Structures are given as C-alpha cells and as structure tokens.
Amino acid sequence: MWNFCMQSRSSASELWSFPLRIRYKVMKNWGVIGGIAAALAASIYVLWGPITERKKRRKGLVPGLLNLGNTCFMNSLLQGLSACPSFIKWLEGFTVQYQVSQSETSGKYLSLTLLHLLKALSCQEVTEDDFLDASCLLEVLRMYRWQISSFEEQDAHELFHVLTSSLEDEWDRQLRVVHLFDVHSLEKPEILQKQICSRTRGPPPPVLSHWKLQHPFHGRLTSNMVCKHCKHQSPLRYDTFDSLSLSIPATMWGHPLTLDQCLHHFISTESVKDVLCDNCTKIQAEEGTGQIMENQRTTFVKQLKLGKLPQCLCIHLQRLSWSNHGMPLKRNEHVQFGEFLIMDVYKHRFPAQKPNPAGSPQASPDPKADVEQAGNNKSSFMNGTCSPSFLTSPVAFPYMTAPDCSSPSYLYRLMAVVVHHGDMHSGHFVTYRRSPPTCKSMPATSNQWLWISDDVVHKTTLQEVLSSSAYLLFYERVHSRWQRQSQEHRAEE
C-alpha cells in the first residue's frame with residue numbers, strides 16, 4: 001500500500017513538472033524576443049531620435065501648449081493674443097530698445113519672452129514641435145513680483161491685466177535718454193524715422209515715439225456729467241482701460257442676449273443725486289438780492305463712453321453673479337456676438353466731430369441723444385455684424401445675415417474667443433482663434449478657425465465659434481472700403 005502511494009505521488013509530480021518545463025522554455029523564448037525588441041528600439045532611438053519629436057505638425061495648425069498643472073488659463077490667453085497681429089507687431093517695435101542680443105536678455109524682460117512665445121504660436125518662428133512649454137512666462141513674471149502658481153486655478157482675464165500692467169512697468173523702469181530729434185517727433189508724431197535727416201554719419205539711432213509706446217489694447221473712457229436742472233455740462237473726465245468689462249443684463253424669456261445689449265448697458269446713463277452744481281449756485285446768486293447763497297445741490301446725469309478706441313479690443317463678459325445667500329454663481333447664458341463689430345455708436349463725439357447744420361461745431365447737451373438715436377437706427381448695427389462689402393478684402397458670412405451698415409469708421413474683426421467650461425470653483429479654459437496665414441503672399445487674416453485646448457489643436461468652423469459661450473473676445477480694428485477710398489482720394493489730392 002505504501003509503495004502504491006509513493007508511485008502515485010511520483011507520477012503526479014512528473015505530470016506537474018512536464019507543463020512547468022514547457023512554461024519555462026516559453027518564458028525563456030519570450031525573454032529573448034523581448035531583449036531583441038528592446039535592443040532594436042534603442043538602436044532606432046539612437047539613430048533617429050524619439051518618434052514623438054519627429055512627428056511634424058499638420059498643415060494649417062498651430063502649436064499647442066503644455067498644461068503644467070492648472071495652466072489652461074495661461075495657455076488660452078496666449079493663444080488668443082497670438083491671433084492679434086497688431087499686438088505682435090507692437091512687441092517687435094517695443095523690443096527695439098534692447099541693443100544687446102535678444103537671446104541673452106529674453107529671460108529678463110517680459111516683452112521679449114512674450115514676443116518669442118506669440119511668434120511661435122502664430123507660426124512666425126520656425127518650429128516643428130506639436131506643443132510648446134510656456135513656463136518661461138511664469139518665471140519672468142516672478143521677476144516682476146507676480147507669484148502665479150501653475151498648480152492653482154487662475155483667471156485668464158486677471159492674467160491679461162497682469163501682462164498689460166507689467167509691460168507698462170517694464171517701460172517705466174527703462175532709462176530714458178533724450179534724443180536730439182525727440183522734440184521734433186513730439187511736435188509732429190506722424191513723421192517717419194526715414195524722413196529725419198541727420199548731419200552726422202549714418203542714420204540716427206532708433207527713437208521710440210511716445211505715441212507708439214502704448215500697447216494696442218490701450219484705450220480711454222470719457223465720463224460726462226450734465227446737470228438736470230440747468231443743463232450745465234461738467235468737464236470731461238478720462239480714464240484708461242485695456243479691456244472692456246461688460247456686465248450681462250437680466251434676460252427675458254424668449255429674447256436672446258446680444259453683445260450690443262451689453263455695450264448699451266455699459267454706456268447707459270445713470271442719475272447721481274446730491275451733486276454740487278456751481279452753475280446753479282451762480283444763477284441763483286445773480287437772481288438773488290446779493291446776499292450770500294448756499295451751494296446748490298442737484299441731480300446729475302452721468303454717462304460713460306469711449307473717448308479713444310484701441311487698435312485691439314478685448315471684451316470681458318462678466319459671468320460672475322451672487323445668489324441671495326452670498327454664494328458665487330456663474331452665468332452660462334449665451335451672448336450673441338458677430339464676426340464683425342461696429343463701435344461708432346459707443347464712441348464719444350467731440351465738438352469738432354458733430355457739426356450743426358450751420359456749419360459750426362456744437363456739442364450735444366443731452367448725453368441721451370446719441371443713445372436714443374442709435375436705438376432708433378437699428379439698420380446701422382445689430383449683434384456686432386457688418387456687411388462684407390465695406391471690408392478691404394471680401395469675407396463670406398455663412399452664419400448670420402449682415403445688416404446694411406452706413407460706412408462705419410470703427411469696424412472690428414473677431415480674432416479669438418476664450419471660453420470657460422465649468423463653474424466658479426473649477427473648470428477649464430479653451431480658445432477659438434484664427435489660423436495664421438500659411439504664406440506671406442496670402443491676406444493678413446485667415447478665414448480658418450481653430451479649437452485649442454492646451455496641447456490639443458484641431459480645425460473648426462465659424463458657426464461653432466459664434467455659438468460658443470464667450471468669456472473673452474479679441475477684436476482687431478480693420479478699415480472699411482469707404483475709409484480706404486477716402487484715404488486714396490486724399491493721397492491723390
């Protein structure tokens with residue numbers, strides 16, 4: 001019995017050892033095959049480098065940007081700025097002041113760092129990478145005492161203010177050397193550098209005109225106040241801006257919101273009570289018996305308008321609201337906007353710009369007049385769109401019907417849109433932007449739109465862009481056909 005048990009155990013062990021031997025041989029063969037594959041992959045890497053770096057970007061696309069943690073706010077803003085050629089051109093002129101090699105100073109100045117990034121994102125600098133690293137921008141901002149963490153969620157609009165204010169601070173820190181031709185250039189700011197003659201050998205050194213130092217997003221607001229009692233108009237007050245922050249009016253069921261409604265709400269008049277009016281006090285003193293009169297306080301009508309419109313217009317739609325319990329909420333309403341925006345009605349009309357029938361300039365005493373006139377002239381503007389017949393280059397309107405515009409002077413073309421997905425506590429920023437021209441011989445503006453989410457880039461349509469819930473809108477001023485013909489006519493005269 002014992003021998004039988006021993007024989008049965010030995011036979012069972014032989015049965016189990018047979019598949020183990022096969023497994024060992026198979027695993028040994030796979031190990032050899034795996035070693036050969038690893039050696040082959042290493043040789044390919046040494047000879048041709050990593051395959052991901054050799055992959056070329058598809059034609060018509062732009063490089064993406066790596067997300068360094070939570071840097072979608074920075075990536076979306078940089079893509080939007082890179083779609084504004086006027087801003088890149090201004091940076092090129094701004095960095096002329098640095099006489100040393102730009103490669104040595106690119107990490108010290110925000111303007112140079114920003115210029116290199118935007119030129120790479122607009123395909124003006126040769127790069128075959130599918131995505132770029134924008135950590136250099138955060139490093140140079142730390143030198144400007146801005147501590148921006150790449151692992152915390154930030155706001156793209158706040159970063160826009162940081163960039164514009166830091167560029168202004170950068171210029172203020174530069175050493176100013178007065179040039180011999182500086183006075184002449186200030187008297188005639190339109191004079192060209194090539195027209196300045198010098199008795200010294202060689203051309204004069206580059207002089208940055210004061211008028212060209214302001215970035216293309218720089219604009220001015222006018223504040224107008226009129227007494228409701230005596231109709232006396234106080235002197236205009238001016239404030240600078242780099243973006244228009246528009247609140248979203250209350251919605252009505254069945255009525256869509258438009259960008260025009262937000263702009264009209266921005267310039268709408270408001271009553272300011274208990275304001276000291278010197279003119280009413282003077283009138284009462286003249287009508288009185290000569291006794292000392294008290295200062296008269298009345299109600300004034302206040303209105304904001306745009307005194308100076310910038311070349312690049314950044315519009316911020318305020319989507320932050322507060323509940324009755326003090327909790328922050330995000331407004332997700334869709335605000336209709338167009339590919340083209342007419343800003344003439346929102347521009348402040350100075351006395352010389354509005355002649356009366358007799359021919360002499362006269363200012364409008366009522367700040368409501370322009371608004372009411374604009375509201376009645378519905379055919380001149382609607383939803384920020386304009387007829388393509390007024391553009392210097394023909395552009396198709398496949399999405400919206402363009403109204404009949406009457407020769408606008410301040411016409412803007414949409415260049416980029418920044419969209420925020422999510423709520424007030426967390427979310428993600430993406431960008432819609434125009435694709436840069438593929439070659440220099442093509443027009444300066446492309447009709448191809450791109451959707452960009454960090455390092456993901458693909459083509460999209462204008463219909464999708466106009467249907468997005470915009471957070472930041474980037475427009476750039478263009479000349480209408482009527483303005484171009486007027487300039488040619490004056491040149492001939």
Side-chain angles (χ1 to χ4, degrees), residues 62-68 71-127 129 131-150 154-174 206 208 212-219 241-243 310-314 316 415-416 418 429 431 433-434 436 452 454-455 472 474-476:
V62 297
L65 289 169
L66 285 175
N67 195 319
L68 307 175
T71 56
C72 60
F73 70 99
M74 177 180 65
N75 297 343
S76 60
L77 179 62
L78 289 175
Q79 293 287 0
L81 293 176
S82 63
C84 301
S86 298
F87 184 59
I88 298 178
K89 184 178 180 181
W90 177 84
L91 284 174
E92 292 176 345
F94 183 81
T95 53
V96 173
Q97 57 183 308
Y98 305 115
Q99 302 294 334
V100 296
S101 176
Q102 292 189 359
S103 60
E104 300 177 0
T105 58
S106 59
K108 300 179 181 179
Y109 299 106
L110 173 64
S111 57
L112 286 174
T113 304
L114 193 59
L115 177 61
H116 292 327
L117 282 173
L118 297 186
K119 291 184 72 173
L121 292 175
S122 59
C123 300
Q124 297 184 27
E125 289 187 353
V126 179
T127 174
D129 298 331
F131 44 83
L132 304 175
D133 186 356
S135 58
C136 56
L137 182 62
L138 296 178
E139 294 176 0
V140 73
L141 284 176
R142 293 188 184 99
M143 299 176 59
Y144 287 71
R145 298 182 179 179
W146 291 101
Q147 298 297 328
I148 302 177
S149 174
S150 60
Q154 308 287 344
D155 183 39
H157 185 233
E158 292 181 1
L159 180 62
F160 176 79
H161 284 300
V162 169
L163 293 179
T164 54
S165 60
S166 299
L167 287 174
E168 295 171 358
D169 294 340
E170 179 179 327
W171 169 251
D172 293 336
R173 290 201 300 264
Q174 298 303 314
L208 291 179
K212 297 181 180 180
L213 296 178
Q214 298 172 346
H215 54 78
F217 290 97
H218 181 272
F241 72 91
D242 53 11
S243 66
Q311 174 65 24
C312 297
L313 179 61
C314 176
H316 166 234
M415 305 303 294
V418 175
F429 285 99
T431 304
R433 57 159 295 184
R434 290 184 185 270
I452 305 175
D454 291 331
D455 57 344
L472 293 178
F474 290 94
Y475 283 91
E476 188 160 310

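Numbers here are sequence positions counted from 1. Atoms considered below: every heavy atom in the structure, side chains included; atoms not considered: hydrogens, waters and symmetry mates. As the structure is a prediction and not an experimental result, all values here were calculated from the model.
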**OP:** For Ser243, enumerate each residue passing the side-chain contact (heavy atoms from CB on, under 4.5 Å) test, keeping only those at least two apart in sequence or located in another chain.
**Re:** His157, Phe160, His161, Cys314

**OP:** Using the test side-chain contact (heavy atoms from CB on, under 4.5 Å), find all partners of Glu158 that sit at least two apart in sequence or belong to another chain.
**Re:** Asp155

Separation of [Y] [atom2] from [X] [atom1] (nearest 0.5 Å):
X      : Y      : atom1 : atom2 : answer
Phe94  : Leu112 : CZ    : CG    : 9.0 Å
Ile148 : Arg142 : CD1   : CZ    : 8.5 Å
Tyr144 : Leu167 : OH    : CG    : 7.5 Å
Asn67  : Met74  : CG    : CE    : 8.5 Å
Gln147 : Leu138 : CD    : CG    : 10.5 Å
Cys136 : Leu117 : SG    : CG    : 4.5 Å

Is the shortest side-chain heavy-atom distance between [X] and [Y] below 4.5 Å?
X      : Y      : answer
Leu115 : Ile88  : yes
Trp90  : Gln311 : no
Phe87  : Leu118 : yes
Phe474 : Thr431 : no
Val418 : Leu77  : no
Asp455 : Asn75  : no
Cys312 : Glu476 : yes

Original post:
Of Leu121, Leu137, Ile452, Asp454, which meets side-chain contact (heavy atoms from CB on, under 4.5 Å) against Leu65?
Top reply: Leu121

How far apart are the closest heavy atoms of [X] and [Y], and which atoms are they?
X      : Y      : result
Phe429 : Ala156 : CZ-N, 3.9 Å
Cys84  : Phe217 : SG-CZ, 4.3 Å
Leu68  : Ala134 : CD1-C, 4.5 Å
Val162 : Ser166 : O-OG, 2.6 Å
Cys123 : Pro436 : SG-CG, 4.0 Å

Original post:
Do side-chain atoms of Gln79 reach the backbone of Pro63 as a donor and acceptor pair under 3.5 angstrom?
Top reply: yes

Subject >> Qualifying residues under salt bridge (charged side-chain N to carboxylate O under 4.0 Å, His left out), relative to Lys89, sequence neighbours excluded >> reply: none

Mind checking side chain to side chain donor-acceptor pair (under 3.5 Å) for [X] and listing every partner two or more places apart, or none if nothing turns up?
X      : answer
Ser82  : Arg433
Gln154 : none
Ser135 : Asp133

**OP:** Output all residues satisfying ring pair (Phe, Tyr, Trp, His ring centres under 6.0 Å) with Phe73, sequence neighbours left out; order by chain, then residue number.
**Re:** none

